[in-house]
Each structure stands twice: as C-alpha cells, then as structure tokens.
Amino acid sequence: MRPPKDLDPDAGEDARFGYELRKARNAAKLTLGQMGAKVGFHANTIGAVERAERRPFDELAKKTEEALGLQPGSLAQYLPDDRRPWVYKSMLPPSWLEIEAGATELWIFTPTMVPGLLQTEGYTRAVMLGAPRPDPAQVEERVAARMRRQEILNSPDAPMVWAVLDESILYRLVGSEEITRAQFAHLAGLADTENVSIQILPLDAMSTTGLLGGFTIAHSPERPDAAFVDGPVTGKMWDTPAEVETLSLDPPGGIRCDCRGMR
C-alpha cells in the first residue's frame, strides 16, 4: 500500500482543510473506510478532500464534527471563505476562543477600530449595528458574547496584552461623539492597569504590513503560538509556524499611548 500523500497546510485553503480533516481522522484512529461509514460519504470522497483534489464542503465538516465528537465549528472554521456557512462568518472560531482564554500574552494590532477585547459595550454595539441589515436580536447576542470574552482581562491569570492601534482610530467617530469619548476614557483606564499596554502607530509611519488587516497573536508556553486575522467578511485562525511568523514582526513606529490627554 502506498503511503498517504504528504499534506502542506500552507498550500491554500483547500489544502488547509484537508490537513485538518486528516488530522482529526488520524486522532480518532480511523481508516478512510471507517471514517466514510461514520459520516456517510465514500472513502474516496474523504481521501480526495484530504489531498485537496476535491473542494471541501460544509456538510462533510459538520458530519465529521458530529461523528468524532468534535466541538461544533472546530473543523468548519477551516473551510474556504466561499464554502463557509454564514454562521461561522460572523463568529469567532471556537478553537480561537479557547486559545485566547488560555493565553499568557496577546499581541494585537488593529488599523481601523479599537480591538474587541478593549471595546466598551456601546462601541461594540455601534460597530455591529454598522453592518448591512443588522438583526437587532443577533447584535445583542454578539455584544453580550464580546463582553463575556473581556472577562479574561480581570481574571487572576489575566494575559499580558500589548495592543497597537493605528492613529487614524483616534479621529473616527463610532456611533456618536459620546460613545467614542467613552471608549477613549475606557482605553485610558485600561492603560493604567498592570497587564495592558496600549501604543499608537503614528500616521507618519506611512505604509506598514499591518494596515492590510488587524490581527491578534496568542502566546502560551503550553502550546504553539496561534493568530486570528480579521477580514471584511470573516476572520480566520492561523496556527502553523510559517503563518504566525509572518505576523510576528513588530509593527514599526509604535509609541506609548497616553489616552488621558484626549479631550
């Protein structure tokens, strides 16, 4: 029998899903045939998806999660953007939430708005209401979920947070002047805590790689570094060494932010 084809998760979105699918199958100690019997797809179909010879699809991800007892969304989060169900385009991946909660350090860069972990409730609500045709009930659920995420900042083992914000954020009204002022006051308070450092990337730094999109890198001595990269439609988690290394270069030009001087 020929050995299985080596998979390169960095070769593209289809390859990344195939890599994660095979990893889940191997962890369950299942052959392609046994896996096919569990999820209701032919072994050839599963093998072709694993090798990135066939495009992955949502039904396979969902049935694999159910059959192997995986957390919902833990495999679906790796689907290519055009194959992901809408629910995963609007939520953080479950595996990222676990990584973020267990991190000892979080390195954040954001070019357009205050990062989620540092947002006030009003600022978060204004951001989410700015989406096309927002569902008010869904917005409130997501606001509540974001506020719960922020509880890690006040926990006994709270991570050290280094956040770099682009200077343009300071000039953008979000929701209203009152909401934006309250947000800046909140940043000032966070900057006075022992575990949060806030810096501003000045406009005269001109073009930097971070302006292409916001990201967060989570570091923990118990596991490899991982990153979450924001996008205009959806965000995605990256955890291979090559992917994280690309984002690990410090954004140039950061300076200490004294938010108390904002009026």
Side-chain angles (χ1 to χ4, degrees), residues 92 96 99-100 103-128 130-131 146-147 149-150 152-153 158-220 225-263:
L92 289 168
W96 172 254
I99 289 172
E100 182 182 69
T104 56
E105 297 179 4
L106 293 171
W107 309 328
I108 303 172
F109 178 78
T110 180
T112 56
M113 64 184 65
V114 175
L117 280 180
L118 309 184
Q119 290 178 2
T120 63
E121 182 175 333
Y123 190 97
T124 295
R125 184 175 293 106
V127 169
M128 294 184 177
R146 182 162 293 180
M147 295 302 104
R149 280 177 58 211
Q150 295 181 3
I152 65 172
L153 299 180
M160 284 294 304
V161 177
W162 282 274
V164 177
L165 283 61
D166 190 76
E167 185 180 351
S168 61
I169 292 172
L170 305 182
Y171 308 117
R172 181 182 298 278
L173 286 179
V174 174
S176 68
E177 184 173 333
E178 181 181 6
I179 289 172
T180 306
R181 285 182 179 275
Q183 175 63 72
F184 290 165
H186 182 61
L187 289 178
L190 288 171
D192 280 336
T193 63
E194 294 182 352
N195 62 308
V196 178
S197 173
I198 300 174
Q199 295 177 297
I200 295 297
L201 180 67
L203 294 177
D204 61 15
M206 295 184 286
S207 178
T208 67
T209 55
L211 295 181
L212 297 176
F215 59 86
T216 299
I217 298 175
H219 172 74
S220 172
D225 290 353
F228 182 77
V229 180
D230 283 335
V233 178
T234 180
K236 226 168 191 181
M237 190 183 82
W238 305 99
D239 59 3
T240 66
E243 292 163 345
V244 177
E245 183 180 3
T246 300
L247 298 172
S248 294
L249 300 176
D250 291 336
I255 57 173
R256 180 68 184 178
C257 170
D258 184 1
C259 298
R260 289 166 295 184
M262 298 176 190
R263 293 290 185 267

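In what follows, residues are counted from 1 in the order of the sequence shown. The shown structure was predicted, so the numbers you read here are calculated from the model rather than taken from an experiment.
In this structure, CG in Leu118 is found 6.5 Å from NE2 in His186, a value given to the nearest 0.5 Å. If you take CZ on Arg146 and OG1 on Thr124, they are separated by 5.0 Å, rounding to the nearest 0.5 Å.
Contact detail for Pro111 and Ser168: the closest heavy-atom pair is O-OG, 3.5 Å. The shortest heavy-atom contact between Phe184 and Ile169 is CZ-O, 3.8 Å. Residues Val127 and Met113 approach most closely at CG1-SD, 3.8 Å, considering heavy atoms. Considering all non-hydrogen atoms of both residues, Val196 and Leu190 come closest at CB-O, 3.5 Å. For the residue pair Thr110 and Pro115, the shortest heavy atom distance occurs at CG2-CD, 3.4 Å. Minimum heavy-atom separation, Asn195 to Ala158: ND2-CB, 3.7 Å.
Not a single side chain to side chain contact (heavy atoms under 4.5 Å, CB included) links Glu194 to another residue, sequence neighbours left out. For the side-chain hydrogen bond (donor to acceptor under 3.5 Å, both in side chains) test, no residue two or more places apart in sequence or in another chain qualifies with Glu178. Judged as a side chain to side chain contact (heavy atoms under 4.5 Å, CB included), and not counting sequence neighbours, the contacts of Thr216 are Trp96, Leu106, Ile108. Listed by chain and number, the residues in a side-chain hydrogen bond (donor to acceptor under 3.5 Å, both in side chains) with Glu167 are Tyr171 (sequence neighbours excluded). With sequence neighbours excluded, the residues satisfying side-chain hydrogen bond (donor to acceptor under 3.5 Å, both in side chains) with Ser220 are Glu222. Scored by the side chain to side chain contact (heavy atoms under 4.5 Å, CB included) test, His219 finds Thr104, Glu105, Trp107, Asp225 as partners (sequence neighbours excluded).
For residues 115-126, the salt bridge (charged side-chain N to carboxylate O under 4.0 Å, His left out) pairs, not counting sequence neighbours, are Glu121-Arg125, Arg125-Glu140.
When atom types are taken as modelled, the side chain of Gln119 and the backbone of Val114 share a donor-acceptor pair closer than 3.5 angstrom. Side chain of Asp166 to main chain of Thr112: no donor-acceptor pair is present (N/O by atom type, distance under 3.5 Å, no hydrogens or angles).
By the 4.5 Å heavy-atom criterion applied to side chains, Ile99 and Phe228 are not counted as neighbours. Side-chain atoms of Leu187 and Leu165, non-hydrogen and from C-beta on, do get closer than 4.5 Å to each other. Counting heavy atoms from C-beta on, the side chains of Val174 and Gln183 never come closer than 4.5 Å.
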